*Asks:* 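Here it is, the structure in full.
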Amino acid sequence: MLEEIIVTAERRELSLQETPISIVAYSTESIELKGIETMEDIATFTPNLDIKGSRFRGNHNPVWQIRGLSGYGGTTSERTAGLYIDGIYVPRTTGPFLNVLDVERIEVLRGPQGTLFGRNSTGGAIRIFTQRPGPEQEGYVRLGLGNFDRRDLTAMFNVPVSDTFYLRGQFASLNQDGYVRRGPQLLGGSEDVVARLQGRFVPSDNVTVDINFSQTEVDSEGGAQDLAIWDMRPHQDYEGNYADWLSDFLQNAGQPRLDVYNDPRVVLDDYTMPDWCFIDDGDPDWDAACEQWNTLDFQQLDATVEWQISDTLTLTSITGISTFESASVSDSQLLGFSWSPS
């Protein structure tokens, strides 16, 4: 027998098969069976959905796209594909690939969805619902190890404090080294810390109050990129060209100018980038001024109150507030003379 998945894509509970919307939904069981750990993994299994890291800042600044409609523009821009966590809208494009930690279900609604979700949902909407506290006492601690010195620690506990109040908490420390060498840095590495504390109060059979606080901290080494081909034919020395500027720096440092095609100082071994740095001075030797880094701190506090007035009518109130801080430095050309803070 197939598992019945209940969704709220139309702002009411319906079976997935009875919902007249182009939707893909993932339950807790399907998330575990497919090995889904991040929202990027969701895109792997969902037609018409694409989530990937940006060129300069990697997973710190992902691009979300549903049915070809995307939103990208950093901290001050909003998406055309809406993202909701426990009913609270997350507007900014800057942020990590959200870790799928102790999630009840995920709904991907293909757009346009402006009628039910308002602006920023032309492409569609992605809704994440975390597991809620319950009357059972349970918990787990999991340790994961993998390539590139990956070290993951996740934990969860659920405790019934009384007959009407339940508490649930989750924690994750996710660490992985990068894989593209640039000077002393390994681009693509990250250290993520995720914490969530939830409370559920059930004063009567008809009223449920959920309160949730979550925080995510991310520290990463920038987007992982590698130059596979260097081709400036037929001519690379016209004034103002990046290659012209770089050749001038190298020549002033007593080195030959760049070759027009696949200069061996630019196209190195796989997963290795040139370690030039001209931000501090004209010397091409590496300097800490050219290091790339990303930091992020996201917090959300929300409360959901449900009052079942009758068998056919339920009143739901969702209130939330979130704070978001982000900073990064990237080198758009990865050739040592571009410094782009944000």
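Computed from a prediction, not measured in an experiment: that's the story for all the values here.
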*Asks:* What I want to check is whether the side chains of Thr295 and Asp219 have a donor and an acceptor closer together than 3.5 Å.
*Replies:* no
*Asks:* With a 4.5 Å heavy-atom cut-off, do Tyr26 and Lys34 have their side chains touching?
*Replies:* yes
*Asks:* Just wondering, more than 12 heavy atoms not from Glu325 lying within 6.0 Å of its CD?
*Replies:* no
*Asks:* Heavy atoms, side chains only, cut-off 4.5 Å: are Arg265 and Leu250 in contact?
*Replies:* yes
*Asks:* Given the rule that I, L, V, M, F, W and Y join up when any side-chain heavy atoms are under 4.5 Å apart, are Ile85 and Ile106 in one cluster?
*Replies:* yes
*Asks:* How close do Ile42 and Ile36 get, heavy atom to heavy atom, and via which atoms?
*Replies:* CD1-CD1, 3.6 Å
*Asks:* Test your reading of the model: is there a side-chain donor-acceptor pair from Ser247 to the backbone of Leu258, 3.5 Å cut-off?
*Replies:*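 Yes, Ser247 side chain to Leu258 backbone: donor-acceptor pair under 3.5 Å.
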*Asks:* Whether Arg182 and Asp331 form a salt bridge (side-chain N of Lys/Arg under 4.0 Å from carboxylate O of Asp/Glu) is what I want to check.
*Replies:*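 Judged by the 4.0 Å cut-off on N to carboxylate O distance, Asp331 and Arg182 do form a salt bridge.
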*Asks:* Look at Asp269 together with Arg181 and state whether they make a salt bridge at an N to O cut-off of under 4.0 Å.
*Replies:* no
*Asks:* Can you tell me how far the CD atom of Gln300 sits from the CZ atom of Phe324, to the nearest 0.5 Å?
*Replies:*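 Spacing of CD (Gln300) from CZ (Phe324) equals 12.5 Å.
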*Asks:* Say whether Thr154 and Tyr140, considering side chains only, have a donor N or O and an acceptor N or O under 3.5 Å apart.
*Replies:* no
*Asks:* Looking only at atom types and distance, does a side-chain atom of Asn158 sit under 3.5 Å from a main-chain N or O of Glu136, one as donor and one as acceptor?
*Replies:* yes
*Asks:* If we only count heavy atoms from C-beta on, is the Ile128 to Met39 side-chain gap below 4.5 Å?
*Replies:*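 Yes, at least one pair of side-chain atoms sits under 4.5 Å.
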*Asks:* Give the minimum heavy-atom separation between Asp259 and Pro264, together with the two atoms involved.
*Replies:* OD2-CD, 3.9 Å
*Asks:* Does Glu138 pair with Arg168 as a salt bridge, N-O distance under 4.0 Å?
*Replies:* yes
*Asks:* Are the side chains of Asp297 and Gln215 in contact, using a 4.5 Å heavy-atom criterion?
*Replies:* yes
*Asks:* So, Gln198 versus Thr130: side-chain donor-acceptor pair below 3.5 Å or not?
*Replies:*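 Note: Gln198 and Thr130 side chains meet the donor-acceptor criterion.
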*Asks:* Going by distance alone, is a donor N or O of one side chain under 3.5 Å from an acceptor N or O of the other, for Arg110 and Ser22?
*Replies:* yes
*Asks:* Compute whether any side-chain donor of one residue and acceptor of the other, for Gln185 and Glu221, lie under 3.5 angstrom apart.
*Replies:*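 The answer is yes; a qualifying pair exists.
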*Asks:* Might you confirm whether atom CD1 of Ile309 has over 12 heavy atoms from other residues, nucleotides or ligands at distances under 6.0 Å?
*Replies:*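 It does: Ile309 CD1 has more than 12 such atoms within range.
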*Asks:* Answer yes or no: is there a side-chain heavy-atom contact under 4.5 Å between Ile66 and Ile126?
*Replies:* yes
*Asks:* If you round to the nearest 0.5 Å, how far is CG of Leu153 from CG of Leu174?
*Replies:*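 Output value for this atom pair is 8.5 Å.
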*Asks:* Take atom OH of Tyr179 as the centre, draw a 6.0 Å sphere, and report whether it contains more than 12 heavy atoms from other residues, nucleotides or ligands.
*Replies:*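 Atom OH in Tyr179 is not packed in, count stays at 12 or less.
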*Asks:* Between Arg257 and Asp248, is a salt bridge (Lys or Arg N to Asp or Glu O under 4.0 Å) present by the stated rule, with each step listed?
*Replies:* CA-CA 7 Å; Arg257 298 181 68 85; Asp248 289 341; 2.9 Å; yes
*Asks:* Please state whether the rings of Phe249 and Phe278 are parallel, tilted or perpendicular, taking 30° and 60° as the class boundaries.
*Replies:*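 Rings of Phe249 and Phe278: parallel, under 30°.
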*Asks:* Check the surroundings of atom CG in Leu143: do more than 12 heavy atoms from other residues, nucleotides or ligands lie under 6.0 Å from it?
*Replies:* yes
*Asks:* For Asp102 and Gln170, which I'm curious about, is there any donor-acceptor pair between the side chains at under 3.5 Å?
*Replies:* yes
*Asks:* Can you tell me if Phe213 has over 12 outside heavy atoms packed within less than 6.0 Å of its CZ?
*Replies:*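 Yes, CZ of Phe213 has more than 12 neighbouring heavy atoms, counting only those of other groups under 6.0 Å.
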*Asks:* Any chance the side chains of Gln131 and Thr28 put a donor and an acceptor closer than 3.5 Å?
*Replies:* yes
*Asks:* Do Arg200 and Tyr166 meet the cation-pi criteria used here (NZ or CZ under 6.0 Å from the six-membered ring centre, within 45° of the axis)?
*Replies:* no
*Asks:* Closest heavy-atom contact between Phe171 and Val193?
*Replies:* CE1-CG1, 3.8 Å
*Asks:* Can you give me the closest heavy-atom contact between Cys277 and Asp287, atom names plus distance?
*Replies:* CB-N, 3.5 Å
*Asks:* Would Thr208 and Asp210 count as having a side-chain donor-acceptor pair, cut-off 3.5 Å?
*Replies:*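 No.
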*Asks:* Are the charged groups of Asp50 and Arg67 less than 4.0 angstrom apart, N to O?
*Replies:* no
*Asks:* With clusters defined by side-chain heavy atoms of hydrophobic residues (ILVMFWY) lying less than 4.5 Å apart, directly or transitively, does Val207 cluster with Val202?
*Replies:* no
*Asks:* How about Trp307 and Asn206: do any of their side-chain heavy atoms sit closer than 4.5 Å?
*Replies:* yes
